[in-house]
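Step one of this worksheet: look at the structure below.
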Amino acid sequence: MIRYTEGVYQDDTCITIGVDFKIKTIEIDSKRCKLQIWDTAGVERFRNIIASYYRGANGIMLVYDITDLESFENLNSWLIEIEKNASKNVYKILVGNKCDMEDQRKVTVEQGKDFADKYGMEFFEISAKDSINIEEAFITMTREVIKGINNKIKTPTKKFMLNPNVKSLNTKKSCC
């Protein structure tokens with residue numbers, strides 16, 4: 001998030017405690033977009049706090065560390081949390097971070113692709129340190145969110161016609 005919003009890499013970045021956010025304005029397909037990017041803690045003890053942040057999200061990046069198999073294995077439980085708390089049509093993307101650390105890799109590219117394919121997500125391997133695929137991942141996310149919003153706006157609402165031959169259920173009958 002910091003690499004994308006501020007263009008810098010901080011080697012001594014601490015893990016997120018709870019939630020952090022940044023704002024970045026970009027232009028996509030001649031449209032100005034103001035992104036609110038929330039970084040939620042991936043640590044189990046913050047799970048209850050984070051659930052409320054899913055509700056208003058248009059897009060969610062599930063990020064795991066390619067050098068940490070446990071972070072990859074936790075993706076299923078994060079998807080369950082998203083399913084319980086986010087809107088049904090939230091756009092999801094899978095991101096394997098630290099692809100600059102190939103010599104310490106514990107999760108293969110194929111495992112990441114297979115997981116993303118299984119759940120219908122785009123997949124990127126990125127490196128905040130070397131600025132690899134950061135821009136591409138966020139641009140893809142933003143384009144797909146815009147597409148989803150536009151499709152939702154263009155979808156006509158259904159109109160129902162009442163049948164004039166049906167009697168009202170609220171008609172009162174006289175007693176005795």
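Note that these values count all heavy atoms, side chains included, but never hydrogens, waters or copies made by symmetry. Everything numeric in this text was worked out from a predicted model, so none of it was measured.
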What residue pairs, at least two apart or across chains, pass ring pair (Phe, Tyr, Trp, His ring centres under 6.0 Å) with a residue in residues 116-136? F115-Y119
Quick one, [X] and [Y] - any side-chain contact, counting heavy atoms below 4.5 Å?
X    : Y    : answer
K98  : D68  : no
I66  : K106 : no
M121 : Y91  : no
T67  : N97  : no
F138 : I37  : yes
I126 : V95  : yes

Considering only NZ, NE, NH1 and NH2 on the basic side and carboxylate oxygens on the acidic side, decide whether E144 and K147 come within less than 4.0 Å.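 Salt bridge between E144 and K147, a charged N being under 4.0 Å from a carboxylate O: yes.
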Ion pair E122/R143, N-O distance below 4.0 Å: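 Salt bridge: no.
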Heavy-atom closest pair, residues S71 and Y64: OG-CB, 3.6 Å
Looking only at non-hydrogen atoms, find the nearest pair between A57 and V90 and report the distance.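 Nearest heavy atoms, A57 then V90: O-CG2, 3.5 Å.
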Atom pair [atom1] ([X]) and [atom2] ([Y]), whose distance is rounded to the nearest 0.5 Å:
X    : Y    : atom1 : atom2 : value
Q36  : T25  : CD    : OG1   : 10.5 Å
I93  : T142 : CD1   : OG1   : 9.0 Å
D29  : R32  : CG    : CZ    : 15.0 Å
D65  : M101 : CG    : CE    : 7.0 Å
I26  : L35  : CD1   : CG    : 4.5 Å
K118 : L75  : NZ    : CG    : 11.0 Å

Main-chain N/O of N74 paired to S77 side chain as donor or acceptor, under 3.5 Å: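 Between the backbone of N74 and the side chain of S77 there is a qualifying donor-acceptor contact (under 3.5 Å).
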D100 (side chain) donor-acceptor with S127 (main chain) under 3.5 angstrom: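 Side chain of D100 to backbone of S127: no pair is present.
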Does CD belonging to E83 count more than 12 external heavy atoms closer than 6.0 Å?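 Open.
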Count the heavy atoms belonging to other residues, nucleotides or ligands that lie under 6.0 Å from CD of E27, then report whether that count exceeds 12.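 Enclosed.
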Hey, mind stepping through L62 and I82 against side chain to side chain contact (heavy atoms under 4.5 Å, CB included) and telling me if it holds? CA-CA 10 Å; L62 286 125; I82 291 167; 3.9 Å; yes
Salt bridge (charged side-chain N to carboxylate O under 4.0 Å, His left out), that's the test. Do K113 and E110 meet it? Break it down for me. CA-CA 5 Å; K113 284 181 181 176; E110 291 74 26; 5.9 Å; no
For residues M61 and I146: do they belong to one hydrophobic cluster (side chain heavy atoms under 4.5 Å, members Ile, Leu, Val, Met, Phe, Trp, Tyr)?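 As far as the 4.5 Å side-chain criterion goes, I146 and M61 are connected within one cluster.
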Hydrophobic cluster identity match, V63 and I132, side-chain contacts under 4.5 Å: no
